[in-house]
Amino acid sequence: MKSSLQKNLYGYIICIIVGIFIPLVYPSFVVQFAFAWLFIVMALTWDLQGGQMGYNSFGNIVFFGIGMYTCVVLQIIPFFSLAEWSEGGGEKTFTHTNAQYFRGLLLGILASGFAASLIAAVLGSLILRMRGHYFAICTLALGVAVGEMVSGIEILGGGSGISVPVWPEAAGSIDNRNLLFYYLALGLFALCFLILQLLLRTTFGGTLNAIRDDEDKAEAMGIAVVKYKILGWVISAFFLGFAGAITGNMVGFIDPIDVAFAGATYGVWMILMVIMGGKGTLWGPVIGALIFHVFQELFWTYLLGWQRVALGALIVIIVVFFPKGILGYFQTRSQVKNLSRST
Amino acid sequence: MNPSSTHHQRTSNEVLLNVNQVAKSFGGVIANNNVSLNVKKGEIVGLIGPNGSGKTTLFNSICGSHPIDSGSIVFKDEEIKTFSIAEIARRGLLRTFQHTKIYTGVSVLDNVCISFPRKKIPSYLEMFNRLSKETIAKAEDILKFVGLYEKRFLLAGSLSFGQQKLLEFAMILMSEPELLLLDEPTAGVNPTLINGLIQRLIDINRRYGVTLLVIEHNMRVIMSLAHRIYCLAHGEVIESGLPKQIKNSKKVIDAYLGAK
Ligand SMILES: Nc1ncnc2c1ncn2[C@@H]1O[C@H](COP(=O)(O)OP(=O)(O)OP(=O)(O)O)[C@@H](O)[C@H]1O
Ligand SMILES: [Mg+2]
């Protein structure tokens, strides 16, 4: 019998191989494919939080937005004045050279995850002493508040947003740009999935599950619950920050409320994807994100005007018929997650 | 079989836990009124009293679940009354709850493994340690001891109530407590299994050297289990002594009859 580790590894490798070749087969869908990987990453990070640790956060979008802004700021400030850029609709006034563009992009993307993690550490040490429901409500407020706050920061373009440096002419057509961000998104997925799976196989993963199942018990057993919870949130924020950076560059224009801190879309979607796929399961977030993405694209294309109603109906159907998510539905008792067996 | 006849007392005079004049009220309700008791290393001490007499409240006070109004709680020569729940647990003082608490969403074996001793706060690196072979082997041994080895790969939440109690013991044993506070260990357990449970508690005390402070309503159980017994009523210690002294104490009998 193959070990579960091996089977999962095969699944992972297949994902990546498909990921490498699919934009070459269907080049016109490359942007949609890129978003598919980004959605999967969002779902995976949310599941660490909501599924593994049992802390439903409605504010993880904050880290996505922070990653996005961190990236764009670092793409601009080494070369131009940020104030002038955001005032004059930067991309019309200033042009990055080829070298500048890529140096800025590298710097911005690398920094985005760390910035998001830093904020998660600070926020976490403030609010992760709260238990479940209180925490959830607090994060809901947080998501809204941060968006509003950033809208008030003039140097970041305020409520009207900030534009992202345009793809330099020397780097070829826009297809090249899309392909680059596609592979960055794929790389992020590869990294995120692998690292999360490895971490969850350690006592860290087991301890997060213990906190989820009974935090009073965990505490009474001597577990430093707050330290574990903060670290869980920091890791979640880390990958979400990168996802934000890549998304910002693909969208091309960062609006604080509708793109960066888009609680009503990305913020809610990342939760729905996990619930659809199956909370706390290995492949649930991946499958949930894919299904969600396909339906969302179809609804937005064919049901314009009714897309949100259709999406709502889909969610209701899933929650009613698959309360534990699609994967939770198929998971039998024999497939209980078993830390001690996977070691 | 009477378990008490098969085990002899192996207590030292070293006081492990010393509760001195502890008081705790909730609004107008005085749950504990100047309660004093002590537990010596190696002992099994019983805590009895009618419903609402303040037994669980005293456990909560000892374990740091809430601040006490006055008094002192010394464990291993250290004042612990201001410590947090986890800080107290890390010093080797663990408790079970009146309602069984296990991690229902993971396997039986994982429940035990993840209960490895947590004597100090781990460093960030240590947080990502893997379960060692020794930890898993030790967990399996303990599961054999409580009789749940065959169920080790099942979801803990799918166990029966009695089995969940056994699992809770296994988790506690895994974490190597020095002093264990048990809140009604036989509550809800099938009467035919109670003797086995008593024997297990005695084994825990003898084989694993765990000192026990046990809240128990079942008189037969506590009489055969405990070396010494304290009786609470209306938040106060009304009597303490050897099991047979408690059995014949008029105050104790009155307290129970009065409450019924
Ligand atoms: N958190 C609380 N808030 C308010 N009152 C409380 C609280 N905890 C306990 N009490 C009160 O303190 C008194 C003692 O309760 P406690 O739970 O300690 O009794 P007990 O001896 O454990 O009873 P039982 O045998 O029924 O478990 C009761 O009157 C109870 O209502
Ligand atoms: Mg009680």
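In what follows, chains carry the letters A, B, and so on, assigned in the order in which the sequence lines appear, proteins first and then strands, with residues in each chain numbered from 1.
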Heavy-atom cut-off 4.5 Å, strictly under: side chain, backbone, both or neither for Cys113(B) against chain A? side chain
Cut-off 4.5 Å, heavy atoms of chain A, and the answer for Ile88(B) is neither
Whether the Asp183(B) and Thr56(B) side chains hold a donor-acceptor pair (N or O, under 3.5 Å, no angle test) is what I'd like checked. yes
Which members of residues 71-87 of chain B, sorted by number, sit under 4.5 angstrom from chain A on a heavy-atom basis? Ile85(B), Ala86(B)
Let me know if Pro177(B) has heavy atoms under 4.5 Å from chain A in its side chain, its backbone, both or neither. neither
Which atoms of Glu126(B) are under 4.5 Å from chain A, going by heavy atoms: the side chain, the backbone, both sets, or neither? backbone
Taking the six-membered ring for Trp and the full ring for Phe, Tyr or His, determine whether the centres of Trp283(A) and Phe193(A) are under 6.0 Å apart. yes
So among Arg212(A), Glu215(A), Met130(A), which one has a side chain to side chain contact (heavy atoms under 4.5 Å, CB included) with Tyr55(A)? Glu215(A)
Going by side chain to side chain contact (heavy atoms under 4.5 Å, CB included), Leu47(B) matches just one of Leu182(B), Val214(B), Leu232(B). Which one? Leu232(B)
Can the positive tip of Lys55(B) be found less than 6.0 Å from the middle of the six-membered ring of Tyr230(B), inside 45° of the ring normal? no
Sort Ser175(B) into side chain, backbone, both or neither according to what part of it lies under 4.5 angstrom from a heavy atom of chain A. side chain
Classify the ring geometry of Phe39(A) against Trp269(A): parallel below 30°, tilted from 30° to 60°, perpendicular beyond 60°. perpendicular
Heavy-atom distance under 4.5 Å to chain A: side chain of Phe116(B), backbone, both or neither? side chain
Please state whether the side chain, the backbone, both or neither of Leu231(A) comes within less than 4.5 Å of a heavy atom of chain B. side chain
Within a 6.0 Å radius of atom CZ on Phe26(B), are there more than 12 heavy atoms belonging to other residues, nucleotides or ligands? yes
Does Arg131(A) qualify as a cation-pi partner of Phe135(A), given the criterion of NZ or CZ under 6.0 Å from the six-membered ring centre and within 45 degrees of its axis? no
Sort out for me which of Arg91(B), Arg90(B), Arg95(B), Met127(B) touches chain A most, counting heavy-atom pairs under 4.5 Å. Met127(B)
Counting only heavy atoms closer than 4.5 Å, note whether Phe97(B) contacts chain A via side chain, backbone, both or neither. side chain
Side chain to side chain, Asn60(A) and Gln49(A), heavy atoms closer than 4.5 Å: yes
Lys138(B) vs Glu176(B), test: side chain to side chain contact (heavy atoms under 4.5 Å, CB included). Steps then yes/no. CA-CA 11 Å; Lys138(B) 182 180 160 202; Glu176(B) 299 175 358; 2.7 Å; yes
